Amino acid sequence: MNTQLAKIKKAVAFINKQTKNFTPDLALITGSGLGNSIPKLDKQIVVQYAKIPGFLRSTVPGHSGNLLFGIYKGRKIVVMQGRFHYYEGHPMKDLAISIRTLFLLGVKKLVVSAAVGSLDPKLTPGSICVLNDHINFMANNPLINNYDPVFGPRFFDLSKVYTKSLREITLAACKKVNIKAKEGTYFAVTGPNFETPAEIRAFKTLGATVVGMSVVPEVLVAAQCGLEVLGLACVTNLASGIAKEKLSHAQTIAETKKIEGKFRKLLEIILPKL
Ligand code: HPA
């Protein structure tokens, strides 16, 4: 048996014991500073990452490490409050563990939110880029040497990885809560540094709308498992060389704090509909 499958089965068994076999059909991953914008869940059960056997640990400020299970307007949901990044030193392959765990718990749809820098001057801080595609510039992939048919086929299509109907629901809801939103392409880098202006100019010619240090590993694993995916990129800054100010993680967190309220309202509208 593939060693990751054995590990994930243990994590799933532990979680099922804690939640008495709660089976969420939708999962939400909250990005930097967005962990507080989760709508209040009924019958909430908290499972700390640190207690789950084989699960990774979050090390970044702004990312707490909990799985929240609960019901929102009749919908059974799990929230990953805090995510894992390649730049933290986790082997790329290990970034598959949490998503594959969600899949074995019963999740069918995944909403991924993340803080990003924007290459589009019209997508200013506080806007959302609803992802319609991505470019993997991390020069790595969590699925390498990590194949198990339980988690889907080795070779799989990515031409429609961000589900159109979920994007449409989200764009309409953004209008309702007065969030500026536009579809675009996520450009994934490893970090942990922010980019140079020359890199941003290069990424723009390659087709990037926003740039960030997460999302893509999770989305690749989810797509292989056959999950429908919605990507919500919350713009915290204009990208390097376009922004006037110096970029910092403190600024990322400060900007997400500003959008927190509106982002919660957005989630309140879309979570029951997705
Ligand atoms: N670049 C990469 N990741 C980010 C940025 C950025 O400008 N802002 C927030 N996350």
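Atoms within each ligand, like the ligands themselves, are counted from 1 in listed order. Computed from a prediction, not measured in an experiment: that's the story for all the values here. As a basis for the values below, the full set of heavy atoms in this structure was taken, side chains included, without hydrogen atoms, waters or symmetry mates.
- A salt bridge does not link K265 with E268: every distance from a Lys NZ or Arg NE/NH1/NH2 to an Asp or Glu carboxylate oxygen is 4.0 Å or more.
- Close contacts between ligand 1 and E195 involve ligand atoms 1 (N), 2 (C), 6 (C), 7 (O) [criterion: under 4.0 Å to a heavy atom].
- Checked for salt-bridge contact, E168 and K164 meet the test: a charged N lies under 4.0 Å from a carboxylate O.
- Cation-pi contact between K76 and F69: absent, since separation from the ring centre below 6.0 Å together with deviation from the ring axis within 45° is not met.
- Contacts of V116 with ligand 1, taken as heavy-atom pairs under 4.0 Å, involve the backbone alone.
- Protein heavy atom nearest atom 7 (O) of ligand 1, with residue, atom name and distance: N237 ND2, 2.9 Å.
- Side chains of D157 and S159: a donor on one and an acceptor on the other come within 3.5 Å.
- Close approach of ligand 1 to F194 (heavy-atom distance below 4.0 Å) involves ligand atoms 1 (N), 4 (C), 5 (C), 6 (C), 7 (O), 8 (N).
- Near A115, with a cut-off below 4.0 Å to any heavy atom, the atoms of ligand 1 are 9 (C), 10 (N).
- Considering backbone and side-chain atoms together, G117 places an N or O closer than 3.5 Å to an N or O of ligand 1.
- Residues F55 and F14 place their aromatic rings such that the two centres sit no closer than 6.0 Å.
- Close contacts between ligand 1 and T236 involve ligand atoms 8 (N), 9 (C) [criterion: under 4.0 Å to a heavy atom].
- Checked by atom type, the side-chain pair D42/Y72 shows no donor-acceptor distance below 3.5 Å.
- Counting only N and O atoms by type, the side chains of N146 and R100 include a donor and acceptor under 3.5 Å apart.
- If you number the atoms of ligand 1 from 1 as listed, the ones under 4.0 Å from a heavy atom of M213 come out as 2 (C), 3 (N).
- Close approach of ligand 1 to G212 (heavy-atom distance below 4.0 Å) involves ligand atoms 2 (C), 3 (N).
- Using a 4.0 Å cut-off between heavy atoms, V211 contacts ligand 1 through both its backbone and its side chain.
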